[in-house]
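After the structure tokens below, expect a handful of questions from me.
Owing to the predicted nature of the structure, the values given are computational and were not obtained by experimental measurement.
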Amino acid sequence: MSKLYRAINKNETIRFFIINSTEIIEEMRRTHNTSTTATAALGRLTTMAAIMGSDIKNEKEKIILKVKGDGPSGMLISEINSKGNIKSYIQNLQVDIPSIVENNKLDVGSFVGKNGALAVIHDFGFGEPYTGQTSLVSGEIAEDFANYFYQSDQLPTVVTLGVLVDTDYSVKSAGGIFIQALPGYTDEDIDILEKCINNLPPVSSLFNKYESPEEILKIFFKEMEVEILEIEDRIYKCDCNRDRIEKALLSIGEEEINKIIEEDHQIELTCSYCNKKYNFTEEEIKDLLEKARI
Ligand SMILES: [Zn+2]
């Protein structure tokens with residue numbers, strides 16, 4: 001479990017979200033057995049979902065983030081529900097690319113690709129979901145989301161996301177900070193914020209050194225006199241169940257299903273978010289088809 005901190009400066013003109021997401025990103029990596037760069041890319045998106053989950057107000061709501069560039073990673077998806085449960089998916093999880101040599105930095109930008117789009121889907125549990133979409137800026141995820149928020153909210157926004165992967169491929173540290181000016185902010189507020197940000201180390205090493213978001217706010221944003229308003233739990237956990245998988249199975253279509261039964265006399269479906277396997281016998285499938293026809 002990781003904890004998302006919501007905070008505000010003393011003037012109430014700048015809001016902060018900060019999370020040490022090491023635990024949920026390591027759980028994500030263990031679930032998918034991702035390559036190093038895939039861990040970094042999907043870890044950043046998953047951390048962003050952990051932050052954006054704070055927009056969820058009602059039980060049936062969920063927020064889905066999709067990033068699709070022209071790089072080898074293919075599509076990346078991260079979804080959060082009202083319980084703070086997050087699940088993520090990457091199309092090409094085993095693919096890796098070389099790091100940028102001069103600073104040994106994982107090259108997430110090339111991995112995701114900068115030609116493409118990101119989409120934010122807010123599903124309210126009823127009616128049409130709200131979808132916002134912007135072009136990618138760099139494929140580095142944080143910059144892409146900063147641009148998304150700037151365009152959608154028209155307010156100065158800072159997004160910084162980082163994942164530090166250890167030599168044994170496990171996640172050494174991960175975290176994210178989202179800072180946004182609120183209507184009524186002053187130039188002075190922004191000047192102070194910029195000064196604080198300029199002193200901020202890269203976020204992946206930041207969370208390696210300072211584990212507690214509280215400490216980071218105190219040390220690096222001291223001048224802003226930030227107050228913590230709320231702390232929310234975030235868990236990496238898939239919400240799939242047999243009911244949902246049955247629906248996915250039926251969506252293949254009766255003709256296709258019958259073809260598979262004829263050949264294999266059973267169907268095995270794997271949840272692409274958690275890799276859990278669901279088996280259906282010939283009899284069970286025939287029952288399902290029967291019920292679907294009614
Ligand atoms: Zn699942």
Side-chain angles (χ1 to χ4, degrees), residues 2 19-52 63-80 86-121 133-149 158-178 201-208 236 272-275:
S2 298
I19 183 168
N20 177 340
S21 57
T22 309
E23 278 192 32
I24 55 172
I25 303 309
E26 172 58 7
E27 187 60 36
M28 175 210 87
R29 184 200 68 84
R30 276 200 300 258
T31 301
H32 290 296
N33 194 22
T34 36
S35 73
T36 302
T37 315
T39 302
L42 193 61
R44 288 183 194 178
L45 188 68
T46 303
T47 301
M48 194 68 232
I51 292 170
M52 290 180 69
I63 291 175
I64 303 146
L65 309 180
K66 289 186 181 177
V67 170
K68 175 83 175 72
D70 59 351
S73 73
M75 169 87 88
L76 292 91
I77 303 176
S78 198
E79 184 178 320
I80 180 163
I86 305 168
K87 58 179 185 181
S88 298
Y89 162 81
I90 181 167
Q91 205 170 1
N92 302 317
L93 62 151
Q94 300 287 327
V95 178
D96 207 349
I97 59 165
S99 302
I100 299 170
V101 180
E102 72 252 37
N103 53 9
N104 200 27
K105 199 175 164 286
L106 295 174
D107 192 359
V108 172
S110 304
F111 185 61
V112 172
K114 63 169 179 277
N115 299 306
L118 77 78
V120 174
I121 301 146
Q133 189 166 321
T134 48
S135 297
L136 297 179
V137 177
S138 63
E140 293 277 344
I141 315 276
E143 273 178 303
D144 304 307
F145 274 92
N147 175 58
Y148 169 83
F149 285 108
V158 178
V159 180
T160 167
L161 306 164
V163 178
L164 195 63
V165 182
D166 217 336
T167 45
D168 66 355
Y169 306 112
S170 69
V171 175
K172 201 169 185 187
S173 73
I177 308 175
F178 173 98
V203 73
S204 50
S205 56
L206 179 73
F207 285 98
N208 192 31
Y236 190 85
S272 49
Y273 287 98
C274 68
N275 303 317

Worked check of side-chain contact (heavy atoms from CB on, under 4.5 Å) between Glu27 and Thr31
CA-CA 6 Å; Glu27 187 60 36; Thr31 301; 4.1 Å; yes

Report yes if some heavy atom in the side chain of Gln94 is under 4.5 Å from a heavy atom in the side chain of Asn33; otherwise report no.
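Counting from C-beta outward, Gln94 and Asn33 do come under 4.5 Å.
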
Within the 6.0 Å centroid threshold, strictly below: Phe178 and Phe145:
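That pair fails the under 6.0 Å test.
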
So Ser173 and Thr22, side-chain contact (heavy atoms from CB on, under 4.5 Å) or not? Walk me through it.
CA-CA 5 Å; Ser173 73; Thr22 309; 4.0 Å; yes

Are the side chains of Met52 and Phe149 in touch, meaning some heavy atoms are under 4.5 Å apart?
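Met52 reaches Phe149 side chain to side chain.
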
Side chains of Leu106 and Ser99 in contact at under 4.5 Å (non-hydrogen atoms)
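Sidechains of Ser99 and Leu106: in contact.
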
Looking at Met75 and Gln91, what are the two nearest heavy atoms and their distance?
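Minimum heavy-atom separation between Met75 and Gln91: N-OE1, 2.7 Å.
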
With rounding to the nearest 0.5 angstrom, report the CD to OG distance, Glu26 to Ser21.
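Rounded to the nearest 0.5 Å, the CD-OG separation comes to 11.5 Å.
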
Rounded distance (nearest 0.5 Å) linking atom OG1 of Thr46 with atom CZ of Arg29
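Rounded to the nearest 0.5 Å, the OG1-CZ separation comes out at 13.5 Å.
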
Within a strict 4.5 Å, meaning less than it, do heavy atoms of the Val67 and Asp144 side chains meet?
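A side-chain contact is absent here, since even the closest heavy-atom pair is not under 4.5 Å.
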
For the atom pair CG (Leu118) and CG (Leu65), what is the distance rounded to the nearest 0.5 Å?
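The distance works out to 8.0 Å.
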
Is there side-chain contact between Val158 and Ile177, with at least one heavy-atom pair below 4.5 Å?
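Result no, sub-4.5 Å side-chain heavy-atom pair not found.
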
Can any side-chain N or O of Asp166 pair as donor or acceptor with the backbone N or O of Asp168 at less than 3.5 Å?
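Checking the backbone N and O of Asp168 against the side chain of Asp166, no donor-acceptor pair under 3.5 Å is found.
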
State which residue, out of Thr34, Thr39, Thr37, fulfils the side chain to side chain donor-acceptor pair (under 3.5 Å) condition with Asp96.
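Filter result, single survivor: Thr37.
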
Decide yes or no for Ser88 and Tyr236: does some side-chain heavy atom of the first lie under 4.5 Å from some side-chain heavy atom of the second?
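The answer is yes; the side chains approach within 4.5 Å.
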
Give the C-alpha distance, both sets of side-chain angles, the deciding distance and a yes or no for side-chain contact (heavy atoms from CB on, under 4.5 Å) between Phe111 and Ile90.
CA-CA 12 Å; Phe111 185 61; Ile90 181 167; 3.9 Å; yes

Looking only at heavy atoms, which two atoms of Tyr89 and Leu42 are closest? And how far apart?
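Closest pair (atom of Tyr89, atom of Leu42, distance): O-CD1, 3.5 Å.
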
Taking all non-hydrogen atoms of both residues into account, name the closest pair between Gly43 and Ile25 and its distance.
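The answer is O-CD1, 3.4 Å.
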
Pairwise distance CD1(Ile51) to CD1(Ile80) - rounded to 0.5 angstrom
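Spacing of CD1 (Ile51) from CD1 (Ile80) equals 10.0 Å.
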
How far apart are the C-alpha atoms of Lys172 and Thr167, what are their side-chain angles, what is the distance that settles it, and do they pass the side-chain contact (heavy atoms from CB on, under 4.5 Å) test?
CA-CA 9 Å; Lys172 201 169 185 187; Thr167 45; over 6 Å; no

4.5 Å side-chain heavy-atom contact, Ile86 and Ser78
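Yes - at least one pair of side-chain heavy atoms lies under 4.5 Å apart.
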
Spatial distance of atom CD (Glu79) from atom CG (Leu45) [nearest 0.5 Å]
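With rounding to 0.5 Å, CD (Glu79) is 11.5 Å from CG (Leu45).
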
Please give me the minimum heavy-atom distance between Ala142 and Thr160, naming the atom from each residue.
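The answer is CB-CA, 4.2 Å.
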
Leu136 side, atom CG; Lys114 side, atom NZ - distance, nearest 0.5 Å:
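Answer rounded to 0.5 Å: 11.0 Å.
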
Counting C-beta onward and ignoring hydrogens, is there a side-chain heavy-atom pair between Pro72 and Ile97 closer than 4.5 Å?
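They are in contact (side-chain heavy atoms under 4.5 Å apart), so the answer is yes.
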
Can you tell me if Glu140 uses its side chain to pair, donor with acceptor, with the backbone of Gly109 under 3.5 Å?
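Yes, the answer is positive, given that a donor and an acceptor are paired below the 3.5 Å cut-off.
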
Which atoms form the tightest heavy-atom contact between Asp107 and Pro98, and what is the distance?
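Asp107 and Pro98 have their closest heavy atoms at CB-O, 3.9 Å.
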
